[in-house]
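Everything numeric in this text was worked out from a predicted model, so none of it was measured. Along the sequence shown, residues carry numbers from 1.
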Amino acid sequence: MAEDVKHDYHLVNPSPWPLLGAVAVTTLAIGGVTYMKGLFGIEHGQLWALAPGFLMVIWVMIGWWREVIKEGRTGDHTPVVEIGLKYGMVLFIVSEIMFFAAWFWSFFEFAIFFPAR
């Protein structure tokens with residue numbers, strides 16, 4: 001499959017996983033609201049209301065990563081694609097560090113210097 005292309009990039013085939021992931025996260029969110037506030041005649045505090053959403057999210061994660069690993073093993077991930085995947089992961093980690101740095105900075109700013117405001 002990798003021998004047929006004339007460029008270094010991997011164009012993925014249409015996949016159902018993004019749509020299924022959106023449905024799973026929506027189900028998880030509705031389960032969270034049901035757990036916290038009660039919904040659809042279900043009393044709040046019922047932990048089993050979260051189970052369908054969690055199971056769907058786990059299923060989507062397993063299926064999606066299975067396809068990514070399969071693409072990598074069939075030779076679709078050229079060195080350029082591998083560099084892109086590595087840069088993407090590094091940028092994700094850096095963005096998480098920046099988010100938490102900003103959050104804690106704000107928290108300590110308000111906690112320590114609250115009387116000065």
Side-chain angles (χ1 to χ4, degrees):
M1 180 180 248
E3 296 82 22
D4 298 338
V5 295
K6 304 207 182 342
H7 54 78
D8 289 335
Y9 301 100
H10 172 58
L11 304 175
V12 297
N13 296 325
S15 174
W17 296 116
L19 180 63
L20 292 173
V23 170
V25 170
T26 302
T27 304
L28 182 61
I30 291 171
V33 170
T34 304
Y35 173 72
M36 291 182 269
K37 299 291 280 180
L39 194 64
F40 306 122
I42 301 171
E43 294 292 324
H44 67 83
Q46 302 292 327
L47 196 57
W48 63 267
L50 291 169
F54 273 126
L55 292 175
M56 288 174 67
V57 168
I58 300 276
W59 175 61
V60 167
M61 288 171 54
I62 290 170
W64 202 334
W65 282 107
R66 185 184 66 220
E67 283 193 11
V68 171
I69 291 169
K70 190 187 322 176
E71 289 169 356
R73 288 185 176 163
T74 59
D76 289 336
H77 292 176
T78 63
V80 173
V81 173
E82 288 180 9
I83 289 172
L85 289 170
K86 290 175 186 175
Y87 282 172
M89 183 56 70
V90 168
L91 288 174
F92 170 73
I93 292 169
V94 168
S95 72
E96 291 295 310
I97 291 169
M98 293 299 163
F99 170 77
F100 283 107
W103 193 89
F104 282 112
W105 186 292
S106 174
F107 173 75
F108 288 122
E109 175 80 20
F110 284 109
I112 294 171
F113 299 112
F114 182 74
R117 294 190 182 272

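Follow the hydrophobic side-chain contacts under 4.5 Å out from W105 and you never reach F99; the two are in separate clusters. Follow the hydrophobic side-chain contacts under 4.5 Å out from M36 and you reach L28 in the same cluster. Note on V33: it clusters hydrophobically with I30, by side-chain heavy-atom contacts below 4.5 Å among ILVMFWY residues. If you chain together hydrophobic residues whose side chains sit under 4.5 Å apart, F107 and I112 fall into the same group. One hydrophobic cluster, built from ILVMFWY side chains closer than 4.5 Å, holds both V57 and F54.
Summarising the local packing, CD of E67 is surrounded by more than 12 heavy atoms from other residues, nucleotides or ligands at distances under 6.0 Å.
Of all the heavy atoms in E82 and H77, the pair that sits closest is OE2-O, 3.4 Å. The two residues R66 and W17 make their nearest non-hydrogen contact at NH2-CZ2, 4.1 Å. For the pair A49 and T34, the tightest heavy-atom approach, listed with the atom from each and the gap, is CB-CG2, 3.8 Å.
Between M56 and V23 the shortest side-chain heavy-atom distance falls below 4.5 Å. In this structure, L20 and W59 have side chains that are in contact, with non-hydrogen atoms separated by less than 4.5 Å. When side chains are defined from C-beta on, V81 counts as touching T78, because their heavy atoms get closer than 4.5 Å.
Note that the CG atom of L39 and the CD atom of Q46 stand 13.0 Å from one another [nearest 0.5 Å]. Taken to the nearest 0.5 Å, the CD1 atom of I97 stands 10.5 Å off from the CZ atom of F100.
Within the 3.5 Å criterion, the main-chain N or O of A22 finds a donor-acceptor partner in the side chain of T26. Between the S95 side chain and the F92 main chain, a donor and an acceptor come within less than 3.5 Å of each other.
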